[in-house]
Amino acid sequence: MKTCNQFLYTIVICLIFITIYSCKDKSTPLDPNTTPLRFTENPPTIDGLASDACWTGIDWQPMNQKWIGPDYTPEDFTGKFKLRWTTDFIYIITEIRDDQLIDIYPDGLNRYWDDDCVEIFIDEDRSKGDHLKSYNAFAYHIGLDYKVADYGIDEMPHYYNDHVETIRTKNGDIYTWEMKMKVFDDTFVYDQPNTPVKLEEGKEIGFAIAYCDNDTSESRENFIGSIFIPGEDKNQGYKDAGVFGSFTLVK
Ligand SMILES: [Ca+2]
Ligand SMILES: [Ca+2]
Ligand SMILES: [Ca+2]
Ligand SMILES: [Ca+2]
């Protein structure tokens with residue numbers, strides 16, 4: 001009888017384990033090091049106003065990592081951002097406090113990083129790696145005039161104005177930049193027809209956002225980003241997609 005009870009006990013334990021295992025969610029778990037980026041069925045109107053429904057109910061994320069320059073005050077610079085996605089676009093809203101906007105290099109392809117600008121880093125397939133001489137990733141500099149500049153594979157600066165649509169509004173020294181970005185993969189060819197990627201749930205992208213703050217100098221005074229970059233030289237994003245953050249598209 002004791003052997004029979006032990007047998008039944010073993011069967012019950014096995015059934016419990018089988019039940020637990022079969023109920024377990026077998027979908028691939030999210031990487032704990034990747035941030036969820038939430039879908040929206042109601043894309044925002046790009047008007048520089050954060051009043052759209054999709055911008056409520058999600059938290060701001062900070063732009064508080066100093067990549068270049070001395071310490072700064074909250075009045076000099078404070079930045080935060082939110083993201084949403086649809087099949088065709090990634091939507092970005094940033095709220096930037098900046099005590100002085102300047103545009104000292106009127107040629108938008110000349111030292112554009114030394115004028116106030118928002119910089120968006122996007123690596124469509126989160127492949128990481130060098131992107132200075134390739135379209136493995138993009139580092140879009142969005143100037144005060146909304147022109148979008150980055151280096152091309154010829155190591156020359158070019159405009160990619162149709163990649164990011166931007167409208168900025170001002171409220172005192174707080175500037176809200178609202179943006180709609182197409183996402184291109186590494187098959188992109190400059191000056192040719194290119195088809196943006198269709199975005200899907202579960203896709204992982206490399207992404208970071210930063211602000212080049214200049215107020216009174218010949219060169220930018222600070223470069224402040226959303227991602228911690230280790231090491232002495234933190235100005236890596238324009239060439240190395242490996243330093244971008246990781247975001248996973250979720251619904
Ligand atoms: Ca809006
Ligand atoms: Ca400033
Ligand atoms: Ca890539
Ligand atoms: Ca400034």
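On a predicted model such as this, the values are computed, not experimentally measured, just so you know. Numbering of ligands and ligand atoms starts at 1, following listing order.
- Between the side chains of Thr169 and Glu178, no donor-acceptor pair of N or O atoms lies under 3.5 Å.
- Between the side chains of Gln236 and Trp67, no donor-acceptor pair of N or O atoms lies under 3.5 Å.
- Side chain to side chain, Asn136 and Ser127 meet the donor-acceptor criterion of an N or O pair below 3.5 Å.
- Tyr135 and Tyr160 are linked by a side-chain donor-acceptor pair at a separation below 3.5 angstrom, with hydrogens and angles left out of the test.
- The 12-atom threshold is not exceeded at CG of Asp59, counting heavy atoms of other residues, nucleotides or ligands nearer than 6.0 Å.
- Put simply, the angle at the Ca ion (ligand 3) from OD1 in Asn136 to OG in Ser127 is close to 60°, to the nearest 10°.
- Contact check for Asn222 versus Asp76: side-chain heavy atoms found under the 4.5 Å cut-off.
- Within the coordination shell of the Ca ion (ligand 3), defined by N, O or S atoms under 3.0 Å, Asp186 is absent.
- Atom OD1 is the N/O/S atom of Asp123 found closest to the Ca ion (ligand 3).
- Remark: the Asp185 side chain and the Thr187 side chain contain an N/O donor-acceptor pair separated by less than 3.5 Å.
- For a distance bound of 3.0 Å, the N, O or S atoms of Ser51 include none lying that close to the Ca ion (ligand 1).
- Nearest N, O or S atom of Asp52 to the Ca ion (ligand 1): atom OD1.
- Other residues, nucleotides and ligands place more than 12 heavy atoms under 6.0 Å from the NZ atom of Lys170.
- Between Met181 and the options Phe138, Tyr140, Phe89, a side-chain contact (heavy atoms from CB on, under 4.5 Å) holds for only Tyr140.
- Only protein N, O or S atoms were considered, and those under 3.0 Å from the Ca ion (ligand 4) are Asp98 OD1, Asp98 OD2, Gln100 O, Asp116 OD1, Asp116 OD2, Asp213 OD1, Asn214 O, Asp215 OD1.
- The angle that Asp47 OD1 and Glu178 OE2 make at the Ca ion (ligand 1), rounded to 10°, works out to 130°.
- With respect to the Ca ion (ligand 3), Asp125 has OD1 as its nearest N, O or S atom.
- The Ca ion (ligand 3) has no N, O or S atom of Asp185 under 3.0 Å away, backbone or side chain.
- Using a 30° and 60° split on the angle between ring planes, Tyr151 and Trp113 fall in the tilted class, from 30° to 60°.
- At a cut-off of 3.0 Å, Pro44 does not coordinate the Ca ion (ligand 1) through any N, O or S atom.
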